[in-house]
S.K.: 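One structure, pasted below without further comment.
Chain letters run A, B, ... following the sequence lines, proteins first, then strands; residues in each count from 1. Just so you know, these numbers use all the heavy atoms, side chains as well, and skip hydrogens, waters and symmetry mates.
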Amino acid sequence: MTSPTTPSGPEQLAVAFRAALSSAGLPARDVAFERPRQREHGDWATNVALALAKPVGRPPREIARDVVDALDAPADVERVEIAGPGFINVHLAHSALEGVVRAAVTQGPAWGRGAPADNAVRRVNVEFVSANPTGPLHVGHGRQAALGDALASLFDATGWAVTREYYFNDAGNQMALFGDSVAAAARGEPPPDNGYHGAYIGQLAAELSAAGQLDDVRDAAYRRMLDHITATLDRLGVRFDVYFGERALHAGEIADVIARLRDAGHVYDADGAVWLRTTTFGDDKDRVLVKADGATTYFAADCAYLANKIARGFDRCVYVLGADHHGYIQRLYAIADAEGVGRERVEVVLHQFVNLFRGGETVRMSKRTGEIITFDELIDEVGADAARYTFLRYSNDVTIDFDMAEVVKQDRDNPVYYVQYSHARIAGIMRTATERGVVAGSVDDARLELLTADAEEELVRRIALYPETVAYAAEERAPHKVARYAEDLAEAFHRFYTECQVVGDDVELTRARYWLCVAARQTLVNALGLLGVRAPDRM
RNA sequence: GCGCCGGUAGCUCAGGGGAUAGAGCAUCUGACUACGGAUCAGAAGGUCGGGGGUUCGAAUCCCUCUCGGCGCACCA
């Protein structure tokens with residue numbers, strides 16, 4: 001797996017350090033490495049001596065001394081030193097930096113991608129948005145679209161086979177009411193009681209009328225609405241592999257799953273209803289599968305839907321849900337356990353809400369109050385890239401205060417442009433290099449050892465962090481770590497750009513810097529790709 | 001009442017048990033006859049909501065209190 005150009009990482013260092021522990025007569029133990037906060041503390045650091053101090057009963061610095069003396073370090077380790085209370089800091093040689101540039105360039109789109117230790121490809125279903133097609137997407141759906149898509153990309157980048165799925169309800173009362181509302185509008189009548197209002201209802205009626213689809217309005221209306229939603233998502237660059245309608249489950253799968261759950265002993269009848277004993281699996285209360293009036297519940301459909309996903313061969317089912325759905329988590333786990341699927345195959349990624357502002361003033365997203373703004377209108381106002389990026393640069397766990405007046409700004413206030421600008425600058429350098437007839441040659445022949453300026457080395461070190469950033473962001477289900485990384489990378493590039501002229505008189509230096517630019521550009525492209533944000537050549 | 005998320009610089013937020021808690025914005029001071037100034041360099045700014053505990057070491061883990069957001073259907 002490790003190519004000759006890949007610099008030593010935690011795995012290689014751990015092997016060497018474990019050997020050193022052994023030959024120093026110290027107890028065997030895993031040696032973990034982390035990236036030190038400060039540059040002067042090296043490329044990697046381990047606290048193994050601190051951890052051994054207590055069991056061995058000796059001062060940590062003394063232990064560290066023994067370990068370092070016994071260490072047979074990998075070739076690209078320049079020096080190892082003991083610091084602070086007993087940390088062992090590893091400094092890599094310049095050749096390691098050169099290896100990073102070559103790896104980024106030669107691996108190209110695969111740079112930063114990984115695979116599980118056993119190299120097995122597992123299948124994951126990522127379900128997100130799943131807004132019922134009874135109205136346009138609102139801004140909260142936008143966050144979920146950006147998040148779900150980025151999570152799916154992170155799964156893909158770490159070796160999973162991913163299906164992006166959108167689940168919608170095409171079977172319930174709301175759908176019927178929605179269809180009837182559109183039908184009423186088509187006849188020029190007011191909507192039924194508790195029906196849907198809003199200009200889009202009239203617009204849908206007009207569209208269906210123009211298309212001659214007024215015979216079966218109930219179905220035609222939601223399909224048309226789903227088309228609008230798909231178009232909105234498309235503007236954002238989000239595409240689903242599967243749109244799954246609940247109705248399909250009513251053909252027998254719901255009845256089947258209830259029968260199976262009953263056979264398994266988890267179902268009982270009470271008060272005229274059929275219940276699933278979810279409390280067995282940690283839920284607060286049992287849940288109704290079939291109501292006293294004979295109708296199956298949405299919950300019953302959830303049971304059938306999970307069974308359906310498992311039958312389709314997914315090893316993992318991810319549900320991206322808004323914070324208001326946190327109560328569903330225990331329920332989903334209970335379903336998985338009751339079906340014998342196992343809760344470890346179900347995963348919920350929760351995210352907090354979005355508050356909309358314009359210049360500090362609250363903008364409502366609900367239909368209730370005066371100004372309503374749909375997600376489409378938000379994209380109109382700030383652009384797809386800025387919208388997506390803004391949704392993705394915050395932790396899932398924090399509420400986003402989305403101020404449209406800030407997000408349309410195209411300066412350092414708005415990190416998406418800062419990152420995109422760094423990419424456009426590199427593209428500009430490439431254009432200049434072409435114009436001035438630079439012959440870049442091959443990265444293997446480039447004299448990368450010439451890249452010794454501070455800004456150059458810092459840029460390479462930043463690039464080197466990309467693969468571990470992707471791995472960690474994926475593991476933590478935290479796309480914002482990729483966004484923050486991209487900002488740091490852009491910063492390192494801008495500084496390099498300011499301090500180092502790429503296309504210059506020195507042919508060898510020009511070539512070396514050219515390849516550094518290619519490596520930086522590739523890393524930016526890959527990172528922005530995970531976020532679904534464009535990497536423009538010009539802005 | 002029970003549960004989930006948050007409280008870190010004036011503001012918006014990062015922060016993976018580790019070393020001196022970091023960015024951006026805002027404020028102040030500087031930088032191009034160079035490949036795009038949507039840029040760069042620097043200064044200043046902190047009881048990490050309060051209190052206990054675990055640990056060699058806690059913003060980080062545990063307990064508790066508090067403030068803010070959200071949720072606790074035979075709705076969808």
Side-chain angles (χ1 to χ4, degrees), chain A residues 32 34-38 40-41 45-47 50-51 53-54 59-60 83-87 89 132 134 169 171-175 177 246 270-275 284-285 287-299 301 322-330 350-353 355 393-401 403 406 409-422 424-433 435-436 438 455 468 472 475-476 478 480-481 483-485 487-488 490-491 493-504 510 513-514 517 538-539:
Chain A
E34 61 178 26
R35 294 288 191 177
R37 243 182 233 284
Q38 274 143 330
E40 53 271 26
H41 292 151
T46 180
N47 65 352
L50 288 159
K54 192 154 196 173
F87 292 103
N89 295 333
N132 279 340
T134 55
N169 174 358
N173 293 334
Q174 291 304 312
M175 275 324 295
L177 202 53
E246 182 199 337
D271 305 326
V274 179
W275 299 72
D284 297 334
K285 48 169 297 202
R287 306 289 166 179
V288 172
L289 291 162
V290 185
K291 295 187 270 185
D293 67 5
T296 54
T297 58
Y298 199 82
F299 176 74
D324 54 336
H325 285 65
H326 86 264
Y328 285 38
I329 298 175
Q330 284 306 319
L350 218 60
H351 65 86
Q352 298 297 311
F353 294 149
N355 295 321
R393 75 182 293 268
Y394 300 97
S395 157
N396 305 341
D397 291 334
V398 307
T399 306
I400 294 177
D401 289 332
D403 193 324
E406 294 297 320
K409 283 190 193 163
Q410 304 196 349
D411 55 20
R412 193 70 162 89
D413 276 17
N414 192 352
V416 66
Y417 295 109
Y418 183 76
V419 175
Q420 288 186 319
Y421 182 54
S422 68
R425 271 188 149 174
I426 298 174
I429 292 171
M430 300 298 174
R431 287 190 294 269
T432 302
E435 284 162 17
R436 299 193 191 166
V438 170
E468 64 203 69
Y472 189 55
E475 195 182 311
E476 296 288 307
H480 78 279
K481 290 176 188 295
R484 302 292 173 151
Y485 169 82
E487 291 169 28
D488 290 342
E491 180 180 48
F493 176 78
H494 284 309
R495 184 179 156 221
F496 159 76
Y497 178 91
T498 304
E499 296 186 12
C500 304
Q501 173 79 16
V502 175
V503 182
T510 295
R513 286 177 173 170
Y514 176 92
C517 285
R538 299 174 195 274
M539 292 172 67

S.K.: Using a heavy-atom cut-off of under 4.0 Å over every strand shown, decide if His41(A) touches base, sugar-phosphate, or nothing.
M.R.: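 Base contact.
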S.K.: Please report, rounded to the nearest Å, how far the P atom of rU39(B) is from the CD atom of Gln420(A).
M.R.: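 Atom-to-atom, Gln420(A) to rU39(B), this comes out as 13 Å.
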S.K.: Rounded to the nearest 0.5 Å, what's the gap from CZ on Phe353(A) to CG on Asp324(A)? Could you check?
M.R.: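 Going from CZ on Phe353(A) over to CG on Asp324(A), the span is 4.0 Å.
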S.K.: Taking the side chain as everything from C-beta on, heavy atoms only, tell me whether Met175(A) gets closer than 4.5 Å to Thr134(A).
M.R.: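 SC-SC contact between Met175(A) and Thr134(A) confirmed.
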S.K.: Mind checking the P distance from rG49(B) to rU60(B)? Whole angstroms is fine.
M.R.: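 Comparing P positions in rG49(B) and rU60(B) gives a spacing of 8 Å.
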S.K.: Please step through ring pair (Phe, Tyr, Trp, His ring centres under 6.0 Å) for the pair Phe493(A) and Phe496(A), ending with a clear verdict.
M.R.: CA-CA 5 Å; Phe493(A) 176 78; Phe496(A) 159 76; 5.8 Å; yes
S.K.: Measuring only the P atom in each nucleotide, how far is rG16(B) from rG71(B)? A whole number of Å is fine.
M.R.: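 After rounding to an integer number of Å, I get 28 Å for this pair.
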S.K.: Quantified in whole Å, what is the P atom distance between nucleotide rG42(B) and nucleotide rA34(B)?
M.R.: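 Each nucleotide's P atom is 22 Å from the other's.
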S.K.: Give Ala295(A) one of three labels, base, sugar-phosphate or nothing, depending on what nucleic acid heavy atoms sit under 4.0 Å from its own.
M.R.: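 The answer is nothing, as Ala295(A) stays clear of every strand by at least 4.0 Å.
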S.K.: For side-chain contact (heavy atoms from CB on, under 4.5 Å), just list the numbers for His480(A) and Tyr485(A), CA-CA rounded to whole Å, side-chain angles, deciding distance to a tenth of an Å, and then say yes or no.
M.R.: CA-CA 8 Å; His480(A) 78 279; Tyr485(A) 169 82; over 6 Å; no
S.K.: Would Tyr418(A) count as stacked on rA38(B) if the rule is ring centres under 5.5 Å and plane angle under 30°?
M.R.: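 Here the ring of Tyr418(A) and the base of rA38(B) are not stacked, as the 5.5 Å and 30° limits are not both satisfied.
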S.K.: Expressed in whole Å, how much space separates the C1' atoms belonging to rC5(B) and rC13(B)?
M.R.: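 Going atom to atom, C1' in each nucleotide, I get 16 Å.
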S.K.: Provide the distance between the two P atoms, one in rA43(B) and one in rG22(B), to the nearest whole Å.
M.R.: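 Taking atom P in both rA43(B) and rG22(B), they lie 13 Å apart.
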S.K.: What are the two closest heavy atoms between Tyr298(A) and Asn169(A), and how far apart are they?
M.R.: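 Closest approach of Tyr298(A) to Asn169(A): CE1-ND2, 3.8 Å.
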S.K.: Considering only atom P, compute the distance from rC74(B) to rC63(B) and round it to an integer number of Å.
M.R.: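 Looking at atom P only, rC74(B) and rC63(B) are 31 Å apart.
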S.K.: Please work out if Leu350(A) contacts a base, only the sugar-phosphate, or nothing of the nucleic acid, heavy-atom cut-off 4.0 Å.
M.R.: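 Touches sugar-phosphate only.
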S.K.: With rounding to the closest Å, how many angstrom separate the P atoms on rC70(B) and rA59(B)?
M.R.: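 Those two atoms are separated by 31 Å.
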S.K.: Would you indicate whether the side-chain heavy atoms of Phe87(A) and Asn47(A) approach each other to under 4.5 Å?
M.R.: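 Contact flag for Asn47(A)/Phe87(A) side chains = yes.
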S.K.: Please enumerate all residues that pass side-chain contact (heavy atoms from CB on, under 4.5 Å) together with Glu499(A), with sequence neighbours excluded.
M.R.: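 Glu499(A) satisfies side-chain contact (heavy atoms from CB on, under 4.5 Å) with Ala455(A), Arg495(A) only.
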S.K.: Indicate, with a heavy-atom threshold strictly under 4.0 Å, whether Ala83(A) touches base, sugar-phosphate, or nothing.
M.R.: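 Base contact.
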S.K.: Report yes or no: is there a donor-acceptor pair, N or O only, under 3.5 Å between the side chain of Asn89(A) and the base of rA19(B)?
M.R.: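 Pair found.
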S.K.: As an exercise, state the distance from CD of Gln352(A) to NE2 of His326(A), rounded to the nearest 0.5 Å.
M.R.: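 Result: 10.0 Å between the selected atoms.
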S.K.: Who are the side chain to side chain donor-acceptor pair (under 3.5 Å) partners of Glu468(A), not counting sequence neighbours?
M.R.: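 Scan of Glu468(A) (side chain to side chain donor-acceptor pair (under 3.5 Å), adjacent residues dropped) gives Arg35(A).
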S.K.: Mapping Asp397(A) and Arg495(A) onto RNA chain B by nearest heavy atom, which one lands closer to the 5' end?
M.R.: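 In this pair, the answer is Asp397(A).
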S.K.: Roughly, in whole Å, what's the span from CG in Asn355(A) to P in rG6(B)?
M.R.: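 It is 16 Å, rounded to the nearest whole Å.
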S.K.: What pairs of nitrogen or oxygen atoms, one from the protein and one from nucleotides 29-36 of chain B, lie under 3.5 Å apart?
M.R.:
{"unit_1": "rA34(B)", "atom_1": "O2'", "unit_2": "Gln501(A)", "atom_2": "OE1", "d": "3.3"}
{"unit_1": "rA34(B)", "atom_1": "O2'", "unit_2": "Gln501(A)", "atom_2": "NE2", "d": "3.3"}
{"unit_1": "rA34(B)", "atom_1": "N3", "unit_2": "Gln501(A)", "atom_2": "OE1", "d": "3.3"}
{"unit_1": "rC35(B)", "atom_1": "O2'", "unit_2": "Thr432(A)", "atom_2": "OG1", "d": "2.1"}
{"unit_1": "rC35(B)", "atom_1": "O2", "unit_2": "Val503(A)", "atom_2": "N", "d": "3.1"}
{"unit_1": "rC35(B)", "atom_1": "N3", "unit_2": "Val502(A)", "atom_2": "N", "d": "2.9"}
{"unit_1": "rC35(B)", "atom_1": "N4", "unit_2": "Tyr497(A)", "atom_2": "O", "d": "2.8"}
{"unit_1": "rC35(B)", "atom_1": "N4", "unit_2": "Cys500(A)", "atom_2": "O", "d": "2.6"}
{"unit_1": "rG36(B)", "atom_1": "O2'", "unit_2": "Tyr421(A)", "atom_2": "OH", "d": "2.6"}
{"unit_1": "rG36(B)", "atom_1": "O2'", "unit_2": "Arg425(A)", "atom_2": "NE", "d": "3.2"}
{"unit_1": "rG36(B)", "atom_1": "O6", "unit_2": "Met539(A)", "atom_2": "N", "d": "3.1"}

S.K.: Distance check, rounded to the nearest 0.5 Å: Gln330(A) atom CD versus Arg287(A) atom CZ?
M.R.: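 With rounding to 0.5 Å, CD (Gln330(A)) is 10.0 Å from CZ (Arg287(A)).
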S.K.: Rounding to a whole Å, what distance do you find between Phe493(A):CZ and rA38(B):C1'?
M.R.: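 Taking CZ of Phe493(A) and C1' of rA38(B), I get 14 Å after rounding.
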S.K.: Rounding to a whole Å, what distance do you find between Leu50(A):CG and rA58(B):P?
M.R.: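 Value for this atom pair: 13 Å.
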S.K.: Which of these passes side chain to side chain contact (heavy atoms under 4.5 Å, CB included) with Leu350(A): Asp397(A), Ile329(A), Asn396(A)?
M.R.: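 Exactly one candidate clears the test, Ile329(A).
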S.K.: Nucleotide by nucleotide, 5' to 3', does protein get under 4.0 Å of the base (B), only the sugar-phosphate (S), or neither (-) in nucleotides 8-15 of chain B, counting heavy atoms?
M.R.: ----SSSS
S.K.: Specify the separation, in whole Å, of atom CD of Glu487(A) and atom P of rC25(B).
M.R.: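 One finds 11 Å between P of rC25(B) and CD of Glu487(A), rounded.
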S.K.: Separation of Phe353(A) atom CZ from rG69(B) atom P, in whole Å?
M.R.: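 Atom CZ in Phe353(A) sits about 12 Å away from atom P in rG69(B).
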S.K.: I need the minimum non-hydrogen distance between Asn89(A) and Ala83(A), along with the two atoms involved.
M.R.: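 That would be ND2-CB, 3.4 Å.
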S.K.: Reckon Gln38(A) touches a base, only the sugar-phosphate, or nothing at all at heavy-atom distances under 4.0 Å?
M.R.: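 Result for Gln38(A) = base.
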S.K.: How close do Ser422(A) and Ala490(A) get, counting heavy atoms only, and between which atoms?
M.R.: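 Closest approach of Ser422(A) to Ala490(A): OG-CB, 3.5 Å.
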S.K.: Polar-atom pairs under 3.5 Å, protein N or O versus N or O of nucleotides 72-76 of chain B: list them with distances, or write none.
M.R.:
{"unit_1": "rC74(B)", "atom_1": "OP2", "unit_2": "Lys285(A)", "atom_2": "NZ", "d": "3.1"}
{"unit_1": "rC74(B)", "atom_1": "O2", "unit_2": "Ala292(A)", "atom_2": "N", "d": "2.8"}
{"unit_1": "rC74(B)", "atom_1": "N4", "unit_2": "Asp271(A)", "atom_2": "O", "d": "2.9"}
{"unit_1": "rC75(B)", "atom_1": "OP2", "unit_2": "Lys291(A)", "atom_2": "NZ", "d": "2.8"}
{"unit_1": "rC75(B)", "atom_1": "N4", "unit_2": "Tyr328(A)", "atom_2": "OH", "d": "3.3"}
{"unit_1": "rA76(B)", "atom_1": "OP1", "unit_2": "Lys291(A)", "atom_2": "NZ", "d": "3.4"}
{"unit_1": "rA76(B)", "atom_1": "O3'", "unit_2": "Asn169(A)", "atom_2": "ND2", "d": "2.2"}
{"unit_1": "rA76(B)", "atom_1": "O2'", "unit_2": "Asn132(A)", "atom_2": "ND2", "d": "3.4"}
{"unit_1": "rA76(B)", "atom_1": "N6", "unit_2": "Tyr328(A)", "atom_2": "OH", "d": "2.8"}
{"unit_1": "rA76(B)", "atom_1": "N1", "unit_2": "Tyr328(A)", "atom_2": "OH", "d": "2.2"}

S.K.: Between rC40(B) and rA23(B), how many Å separate the two P atoms, rounded to a whole number?
M.R.: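 Those two atoms are separated by 13 Å.
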S.K.: Contact between Glu487(A) and Val419(A) at the side-chain level, heavy atoms closer than 4.5 Å - yes or no?
M.R.: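 Yes, close enough: below the 4.5 Å cut-off.
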S.K.: Pairing of RNA chain B as dot-bracket, 5' to 3': ( ) intra-strand, [ ] crossing, | other strand, . unpaired, with Watson-Crick or G-U pairs under 3.5 Å?
M.R.: (((((((..((((....[...)))).(((((.......))))).....(((((..]....))))))))))))....
S.K.: Taking atom P of rU39(B) as reference, at what distance in whole Å does atom CG of Asn414(A) sit?
M.R.: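 My rounded result for the distance is 11 Å.
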S.K.: Would you say the side chain of Tyr417(A) lies within less than 4.5 Å of the side chain of Lys409(A), judging by non-hydrogen atoms?
M.R.: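 Not touching, per the 4.5 Å side-chain cut-off.
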S.K.: Drop me the distance from Lys291(A)'s NZ to Asp271(A)'s CG, to the nearest 0.5 angstrom.
M.R.: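 Result: 15.0 Å between the selected atoms.
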